[in-house]
Asker: 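First the structure, then my questions, so here it is.
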Amino acid sequence: MKSVIVIGGSNLDLIAQPVEQLVLYDSNPGSIKVSHGGVARNIAENLALLDVDVTLITPLAKDFAGNEIYNFAIKTGIKVLPIEVKETSKYLAIMDKNNDLYIGISGMSIFEMLTYKDLEQYKNHILKSDIIVLDTNLSDSILNYIFSTFKQPIYVDAISTKKAEKLRPYFDRIKGLKMNIYEACYLSNTSYNSREDINEIAKYFDSKGVKDTIITLGEAGSVLYKDNILIYEESIKTNVINATGAGDAFFAGIIYALIHNLEPLKVGTGMAHLNLIDQNTVSKHISSKALARILKEIN
């Protein structure tokens, strides 16, 4: 089986869920849950639950949060190569009454302080991998090092409009770029009013050298632009319990599909569905068998 190395963020997630409509500038009744998060870490956990040979390179401190994340990852089946930092990063997600993200605050400034020298220690591990997956929490120094040093297929999660800006110099080195529609519009300087606009948006990234452009459209589904062909996949009607982490599950599904020669969007959609119906950032019910069952229902 092909091996995957995921490089990027891990953090302690605090997820706040109100019981009613949010009232700004006031105290809102609800619940607060603590879990392990970070885009790269979430992707790695999803892949491990699908029995993929996955290694995670991520900044972790020797504090409570860092030890928790490290030990849980090992227990899940992820090989962890930590970059030692002073404090493990944290992320706060405030949801709305419909369980969709209302606002997120990322305390991950530690990433911008890291340089390529922090990653060089794991160069041989990266060289031995078949696929590299990145998130854009990484500093410019580390991104430049990765794109200029390694020749394996590189897949990237844009994460946000601001963080995705760092990817512009590397479009022609990216095998697969996963964005939501807001990130895609921002990077391509275009607008999205209907599904017809997607083709032009995707062509922009193709013209810049991105091989596989993957755009999620929320409830409207997702698209893949590859070899001048636009493929569309509808979303699965879902009673959403928690939307946090659904995009990470979707991207893990894309990578899993590539390893097993499956249809990427169908697998990504199936993985997102499994995540949306679970209260956890990464669903504990994800497995290759559960995914196969969902894919059978889709087909």
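Just so it is clear, the model here is predicted, and its values are computed rather than measured. Numbering starts at 1 and runs along the sequence shown.
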Asker: One thing to verify: whether Asp53 and Lys79 come together as a salt bridge, which I'm taking to mean a side-chain N less than 4.0 angstrom from a carboxylate O.
Answerer: yes
Asker: Taking C-beta and beyond as the side chain, do Ile131 and Val133 meet within less than 4.5 Å on heavy atoms?
Answerer: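 The answer is yes, as the side chains (C-beta and beyond) meet within the 4.5 Å cut-off.
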Asker: Just by distance, with hydrogens left out, do Glu183 and Ser160 show a side-chain donor and acceptor under 3.5 Å apart?
Answerer: no
Asker: Decide, yes or no, whether a salt bridge links Lys163 with Glu112 under the criterion of side-chain N to carboxylate O below 4.0 Å.
Answerer: no
Asker: Under the 3.5 angstrom rule, does the side chain of Asn180 hit a backbone N or O of Tyr182 as a donor-acceptor pair?
Answerer: yes
Asker: Could you tell me whether Glu165 and Arg168 make a salt bridge, using a distance below 4.0 angstrom between a side-chain N and a carboxylate O?
Answerer: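 Yes.
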Asker: To the nearest 0.5 Å, tell me how far Leu12 CG sits from His36 NE2.
Answerer: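 These two atoms lie 6.5 Å from each other.
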Asker: Is a side-chain donor or acceptor of Thr136 paired with a backbone partner of Ala158 at a separation under 3.5 angstrom?
Answerer: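 The answer is yes, because a donor-acceptor pair under 3.5 Å joins these two groups.
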Asker: Taking NZ, NE, NH1 and NH2 as the nitrogens, is one of them in Asp157 or Lys178 under 4.0 Å from a carboxylate oxygen of the other?
Answerer: yes
Asker: Could you tell me whether the side chain of Lys211 reaches within less than 4.5 Å of the side chain of Ile174, counting heavy atoms only?
Answerer: no
Asker: For the backbone of Gly245 and the side chain of Asn42, can you confirm whether one donor and one acceptor N or O come within less than 3.5 Å of each other?
Answerer: no
Asker: Would Ile277 and Thr238 count as a side-chain contact (heavy atoms from CB on, under 4.5 Å) here? Give the steps.
Answerer: CA-CA 7 Å; Ile277 59 175; Thr238 305; 3.3 Å; yes
Asker: Look only at the side chain of Ser139 and the backbone of Ile142, and say whether a donor-acceptor pair between them is shorter than 3.5 Å.
Answerer: yes
Asker: Taking NZ, NE, NH1 and NH2 as the nitrogens, is one of them in Lys208 or Asp172 under 4.0 Å from a carboxylate oxygen of the other?
Answerer: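 Salt bridge flag = no for Asp172 with Lys208.
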Asker: Indicate yes or no: at least one non-hydrogen side-chain atom of Ile181 is less than 4.5 angstrom from one of Ile198.
Answerer: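 Touching, per the 4.5 Å side-chain cut-off.
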Asker: Distance check, rounded to the nearest 0.5 Å: Ser207 atom OG versus Phe171 atom CZ?
Answerer: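 One gets 9.5 Å once the value is rounded to the nearest 0.5 Å.
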Asker: Go through the steps to decide whether Glu200 and Thr190 satisfy the test side chain to side chain donor-acceptor pair (under 3.5 Å), and finish with yes or no.
Answerer: CA-CA 9 Å; Glu200 293 305 312; Thr190 55; over 6 Å; no
Asker: Please check if the side chain of Thr58 supplies one atom and the backbone of Ser10 the other of a donor-acceptor pair under 3.5 Å.
Answerer: yes
Asker: The test is side chain to side chain donor-acceptor pair (under 3.5 Å); show your working for Asp26 and Asn28 and say whether it passes.
Answerer: CA-CA 6 Å; Asp26 198 2; Asn28 289 260; over 6 Å; no
Asker: Does Val282 reach the side chain of Asp248, with side-chain heavy atoms less than 4.5 Å apart?
Answerer: no
Asker: Test Lys62 against Asn67 for side chain to side chain donor-acceptor pair (under 3.5 Å), laying out the working first.
Answerer: CA-CA 6 Å; Lys62 292 182 178 179; Asn67 291 334; over 6 Å; no
Asker: Between Ser222 and Ile215, is there a donor-acceptor pair closer than 3.5 Å when you use the side chain of the first and the backbone of the second?
Answerer: no
Asker: Has the side chain of Asp51 got a donor or acceptor atom that lies under 3.5 Å from a matching backbone atom of Ser288?
Answerer: no
Asker: So does Lys117 get a backbone contact from the side chain of Thr115, meaning a donor-acceptor N/O pair under 3.5 Å?
Answerer: yes
Asker: If you measure from the Lys or Arg side-chain nitrogens to the Asp or Glu carboxylate oxygens, is any gap between Glu20 and Lys97 under 4.0 Å?
Answerer: no
Asker: Does the Thr149 side chain pair with the main chain of Ile146, one donor and one acceptor, at a distance under 3.5 Å?
Answerer: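 No, Thr149 side chain to Ile146 backbone: no donor-acceptor pair under 3.5 Å.
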Asker: Backbone N or O of Tyr116 within a donor-acceptor pair of the Ser141 side chain at under 3.5 Å?
Answerer: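 Indeed, once roles are kept as given, a pair shorter than 3.5 Å links the two residues.
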Asker: Suppose the criterion is ring-ring contact (aromatic ring centres under 6.0 Å, His included): which pairs have a residue in residues 247-296, not counting sequence neighbours?
Answerer: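 Every pair satisfying ring-ring contact (aromatic ring centres under 6.0 Å, His included) with a residue in residues 247-296: Tyr256-His260.
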Asker: Mind running side-chain contact (heavy atoms from CB on, under 4.5 Å) on Asp96 and Leu101 for me, showing each step along the way?
Answerer: CA-CA 6 Å; Asp96 63 20; Leu101 180 66; over 6 Å; no
